[in-house]
Amino acid sequence: MDDILNEPLDWLDEIIENYGVSKTSLIPILQSVQNRHKYLPEHIMSYISDKMSLPLASIYGVATFYAQFSTEPKGEHIVQVCDGTACHVRGAKEIITRVRKDYGLTSENRTTEDMFLTLETVACIGACAMAPAVIVDGHIFGHINAEKMIKILDDIKKEKESEECSQS
């Protein structure tokens, strides 16, 4: 987290310059920040407020209104479990319960301490025919159960560990 606080913001100046400082530019600017950090750090929203001459409350209003934005740090991997009707009746709750149990999460604490993953529920991902469905790092997986979900996450962990070993 300290790296983010000490990060030079020249990349953000470039984005603001590219989009401009009108109110209509705020969403794409925030999307750029969200894509880079997976959340909207407070000091960056304050910086945007200053650069765009918009009240910080306006920045927070947009950041907290749209579900695509997060004001809290997220893990390296984002797991979104659909809990819409089709997914719910086909076992989404069991997937959520198992991931929480295996990764020490609760409904309030959605990100692992090591920042490996963040578990979210979403109302619908539009994949009802594949229920239950999940999105992991932007990729949709269908006909998932708790065991398959844990296998996907284990595979991601193994791949990360393998990459770290090869870099050593």
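If you read the sequence from its start, that first residue is 1, and numbering goes on from there.
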For [X] and [Y], which heavy atoms make the closest approach, and how far apart are they?
X      : Y      : value
Gly20  : Ile29  : O-CD1, 3.7 Å
Val62  : Leu26  : CG2-CD2, 3.6 Å
Ser49  : Leu56  : OG-N, 3.3 Å
Lys38  : Ser70  : O-CB, 4.4 Å
Arg110 : Glu120 : NH1-CG, 3.6 Å
Ala146 : Arg98  : CB-CB, 3.7 Å

Determine, using the 4.5 Å side-chain heavy-atom cutoff (strictly less than), whether [X] and [Y] are members of one ILVMFWY cluster.
X      : Y      : value
Val89  : Phe141 : no
Ile125 : Val81  : no
Leu117 : Val136 : yes
Ile48  : Tyr60  : yes
Phe69  : Val122 : no

Taking [X] for the side chain and [Y] for the main chain, is one N or O donor matched with an acceptor at less than 3.5 Å?
X      : Y      : answer
Ser58  : Leu54  : no
Thr97  : Lys93  : yes
Thr118 : Gly75  : yes
Asp83  : His88  : no
Lys74  : Thr111 : no

Check: So, Ser25 and Ser22: side-chain donor and acceptor under 3.5 Å apart, yes or no?
Finding: yes

Next item on the list: Ignoring hydrogens and angles, state whether a donor on the side chain of Gln68 or Gln31 is under 3.5 Å from an acceptor on the partner side chain.
Entry: yes

Next item on the list: Could you walk me through whether Gln80 and Thr121 pass side chain to side chain contact (heavy atoms under 4.5 Å, CB included), step by step?
Entry: CA-CA 5 Å; Gln80 297 172 306; Thr121 57; over 6 Å; no

Note to self: I'd like to know if Glu7 and Arg36 make a salt bridge, using a cut-off of under 4.0 Å between side-chain N and carboxylate O.
What the structure shows: yes

Checklist line | Electrostatic pair Asp154:Lys158 at N-O distance under 4.0 angstrom | finding: no

Going by heavy atoms in the side chains, are [X] and [Y] under 4.5 Å from each other?
X      : Y     : answer
Tyr47  : Val33 : no
Gln34  : Leu40 : yes
Asn145 : Glu94 : no

Item checked: For Ser32, side chain to side chain contact (heavy atoms under 4.5 Å, CB included) partners two or more places apart -> Ile15, Tyr19

Note to self: Lys157: which residues meet the side chain to side chain contact (heavy atoms under 4.5 Å, CB included) condition with it, sequence neighbours left out?
What the structure shows: Tyr103, Phe116

Next item on the list: Drop me the distance from Ile152's CD1 to His139's NE2, to the nearest 0.5 angstrom.
Entry: 11.5 Å

Note to self: Rounded at 0.5 Å granularity, tell me how far CG in Leu153 sits from CG in Leu119.
What the structure shows: 9.0 Å

